[in-house]
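Right, one structure below, let's go through it.
We're numbering straight along the sequence, starting at 1.
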Amino acid sequence: MRDSTGSPKDVMAHDNTLADESKGADYPDAPAQYLNAMHDVPDEQALSAAAILKGSVANRMNLFEKKAALINAEIDKMGMGKYQICIWFLTGFGYFLDLAWSRTIGLASTAIYQEMGIPNSRTGLIFTLANVGLATGALGFGIIVDIIGRKWAFNITCLITSVIGLLMAAPKYNYEAICAIYLFASIGLGGNIPIDALIALEFLPQNRRNLVSLLSMWQPIGVICACAIAYGTTAKYRCAAGLLGCNTVADGVACCRVEDNMGWRYNIIIMGLMTLLIFFLRYFVFTFHESPKFLLSRGREQEAIDVLHSIAKFNKQPPPTLTVQHFRELEQAETTLSGTTLAAEDPVEAEVTAAAHAMRVTRRSLASITHLKALFTNKLQLFIFILFAITYMGDYWSFNLAGAFLPIVLLQNNVSTGRGTVVETYRQYIYIALPGILGAALALLSVSLPLFGRKWSLVFSAAMQGLSMAMYTQVKTTVGYVGLNAMEYLMQTYFNAVLYASAPELFDTAYRGSASGMLSCLGRLAGIVAPFAGQYYLANNSAGILWLGAGGIWLAAVAMVFLPVEMRNRQMF
């Protein structure tokens with residue numbers, strides 16, 4: 001989010017374009033000269049109305065960012081190697097799980113309600129508790145990833161979701177137990193998006209950061225996969241429409257028996273096993289290295305360089321030429337320019353007692369938490385955080401209303417009017433999800449366009465998503481429902497693709513995970529309230545549920561108009 005762009009040499013020339021896309025960037029042999037050039041970079045641009053609309057607000061680079069620029073240069077020289085491709089796919093699987101589980105429960109919910117005799121007034125409980133878990137996971141893992149690193153959080157999220165998620169298939173006539181289990185499974189699920197996006201950003205070359213937007217392609221793929229599995233399980237192995245739960249009728253009366261309604265349980269088991277497979281790939285098949293920028297932010301500079309060597313070896317490329325001495329020269333030049341003495345890093349202890357080691361870890365953990373104060377004391381960072389907080393809350397509010405209730409509206413319309421069967425409706429869910437892949441492709445294209453970039457892509461896609469939901473109130477046919485739902489989902493994927501990739505770019509490495517986690521948590525909190533508001537309108541067959549969703553995403557569009565920083569041609573540290 002600084003005023004420098006591209007490689008360090010680009011910065012010295014004050015060029016506003018990224019480094020050559022085919023060859024990557026290089027860093028100078030004399031970092032002191034590079035730092036002297038930094039001294040000539042203009043001071044930060046104020047939060048003026050003109051600068052905000054142009055997205056040109058910027059801060060002067062600090063010492064860490066100058067070091068991170070050298071890390072970026074080495075990754076840029078590697079290009080899009082085998083390691084980066086593996087990272088892209090494995091983080092994409094996290095996106096896949098996020099909406100695959102959400103859609104799985106959304107499609108299974110009607111079968112669960114029928115079997116257990118749940119009235120419309122209680123349908124929102126499972127989605128609300130899921131958002132409690134998602135909010136907890138987003139906040140918890142977002143902070144943890146800035147304290148213990150990216151590596152363990154990257155793996156444990158999938159393990160938690162798979163093991164606990166499988167237990168959802170066990171309860172009988174116990175809706176509360178199913179909701180509680182899904183809550184705990186969602187804790188692991190909630191950490192996926194904020195963690196996976198920042199991991200991809202920190203390993204990809206600077207001129208390939210737009211591929212993070214394409215990660216959202218995996219979300220509609222997850223939805224399509226969940227719909228296809230539900231079509232073969234939940235839709236086929238379920239009770240006939242109209243039968244009440246056996247726990248709500250007298251003995252001997254025809255009812256919805258557990259053995260006649262096993263499809264949703266098969267669905268849950270398949271999703272749990274798929275999640276376990278992804279954990280296996282992440283932990284046992286692929287060797288994930290800690291983020292060099294995270295290590296650099298913790299003063300573990302040699303370890304950061306060692307990771308670069310490991311990645312270069314995996315990619316079968318020449319080893320990096322960056323050394324710790326380059327960092328020392330930067331520090332010396334910074335001391336000369338500022339006239340102050342830099343604080344020494346904690347020495348690396350060769351042999352320490354268990355108690356001393358524990359004290360050191362505790363001290364660093366507390367120091368990591370205190371780094372969050374910079375997020376709230378830096379005027380520009382705070383302004384961006386507030387805008388994104390409004391945007392995430394509006395987005396998740398609308399997303400939850402659309403994801404939880406539009407399928408129910410379509411199902412009720414088809415079955416109650418005789419226009420379609422339950423099985424046909426589940427097939428239509430697949431048609432609705434397919435355009436989402438196009439939404440991710442649109443995001444990849446538009447973030448690179450000069451007139452759009454991240455900022456105006458967010459504004460446009462949010463406005464169109466809200467329009468789709470508003471128009472949904474004006475149709476009464478199956479074709480209209482399916483068409484507008486597909487358009488809503490296309491724009492939703494487009495918006496989220498840009499949002500999830502843009503938010504981590506705008507925050508410093510020291511608290512990037514925490515900021516992303518807090519934003520996601522705020523969004524999930526809005527999602528907790530949304531199902532309660534929606535179930536009231538659903539019970540009364542009111543179009544208010546659609547206007548609620550449209551209003552939330554339109555609020556997000558307005559907030560993004562004031563985003564003061566456009567990252568299209570800026571380097572991320």
Side-chain angles (χ1 to χ4, degrees), residues 100-127 129-130 162 164-183 185 223-275 403-430 432-433 478 531 535 538-539:
W101 271 100
S102 175
R103 184 51 59 98
T104 293
I105 302 304
L107 297 181
S109 61
T110 53
I112 296 172
Y113 301 152
Q114 183 181 4
E115 177 186 319
M116 301 183 184
I118 306 301
N120 281 340
S121 60
R122 298 185 62 212
T123 55
L125 179 62
I126 189 169
F127 301 112
L129 290 182
S162 61
I164 299 179
L166 284 166
L167 298 176
M168 285 183 64
K172 295 182 179 180
Y173 302 121
N174 195 336
Y175 178 58
E176 289 75 13
I178 291 175
C179 294
I181 293 171
Y182 190 35
L183 183 155
V223 171
I224 294 168
C225 184
C227 291
I229 295 171
Y231 177 70
T233 55
T234 304
K236 292 186 176 181
Y237 303 102
R238 65 179 294 164
C239 297
L243 290 178
L244 300 177
C246 293
N247 60 331
T248 63
V249 300
D251 293 340
V253 177
C255 61
C256 181
R257 301 183 304 167
V258 172
E259 53 268 33
D260 297 329
N261 203 46
M262 290 295 292
W264 71 267
R265 290 183 170 85
Y266 299 150
N267 201 344
I268 295 293
I269 291 171
I270 292 172
M271 278 304 306
L273 293 176
M274 288 176 63
T275 308
F405 294 108
L406 291 190
I408 296 176
V409 172
L410 177 60
L411 179 63
Q412 289 180 345
N413 171 75
N414 283 351
V415 174
S416 64
T417 61
R419 294 190 180 114
T421 65
V422 172
V423 173
E424 289 172 345
T425 303
Y426 275 72
R427 187 168 60 246
Q428 290 163 1
Y429 293 152
I430 300 176
I432 290 169
T478 297
Q535 72 184 17
L538 182 67

Euclidean distance, [Y] [atom2] relative to [X] [atom1], rounded to 0.5 Å:
| X | Y | atom1 | atom2 | value |
| --- | --- | --- | --- | --- |
| I269 | M168 | CD1 | CE | 11.5 Å |
| S109 | L125 | OG | CG | 12.0 Å |
| R238 | T233 | CZ | OG1 | 10.5 Å |

Original post:
Under the side-chain contact (heavy atoms from CB on, under 4.5 Å) criterion, do C179 and L183 qualify, and how do the steps go?
Top reply: CA-CA 6 Å; C179 294; L183 183 155; over 6 Å; no

**OP:** Check the pair C256, C239 against disulfide (SG to SG under 2.5 Å), reporting the backbone distance first and the verdict last.
**Re:** CA-CA 5 Å; C256 181; C239 297; 2.1 Å; yes

Can you name the closest pair of heavy atoms from [X] and [Y] and give their distance?
| X | Y | result |
| --- | --- | --- |
| R265 | P171 | NH2-O, 2.9 Å |
| I105 | I268 | CD1-CD1, 3.4 Å |
| T104 | A226 | OG1-CB, 3.5 Å |
| A433 | I224 | CB-CG1, 3.6 Å |
| A240 | Q114 | O-NE2, 2.8 Å |

Subject >> Residue list, side chain to side chain contact (heavy atoms under 4.5 Å, CB included) with A230, at least two apart or on another chain >> reply: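 In terms of side chain to side chain contact (heavy atoms under 4.5 Å, CB included), with neighbours along the sequence ignored, A230 is linked to L107, T234, N267, Y426.
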
Subject >> For Y237, side chain to side chain contact (heavy atoms under 4.5 Å, CB included) partners two or more places apart >> reply: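 Scan of Y237 (side chain to side chain contact (heavy atoms under 4.5 Å, CB included), adjacent residues dropped) gives Y266.
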
**OP:** Using the side-chain hydrogen bond (donor to acceptor under 3.5 Å, both in side chains) rule, pick out the option among N261, N247, T110 that qualifies with E115.
**Re:**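 Only one of N261, N247, T110 forms a side-chain hydrogen bond (donor to acceptor under 3.5 Å, both in side chains) with E115, namely N261.
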
**OP:** Report the C-alpha distance between W264 and I112 in whole Å, list the side-chain angles of each, state the deciding distance to 0.1 Å, and finish with yes or no for side-chain contact (heavy atoms from CB on, under 4.5 Å).
**Re:** CA-CA 8 Å; W264 71 267; I112 296 172; 3.7 Å; yes

Original post:
So, do Y182 and I126 sit near enough that their side-chain heavy atoms are less than 4.5 Å apart?
Top reply: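 The answer is yes; the side chains approach within 4.5 Å.
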
Original post:
Going by heavy atoms in the side chains, are I229 and C225 under 4.5 Å from each other?
Top reply: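 Side-chain contact under 4.5 Å: yes.
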
**OP:** Keeping to residues at least two apart or across chains, list the side chain to side chain donor-acceptor pair (under 3.5 Å) pairs with something in residues 167-177.
**Re:**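 Counting only pairs at least two positions apart or across chains, the side chain to side chain donor-acceptor pair (under 3.5 Å) contacts touching residues 167-177 are R122-E176.
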
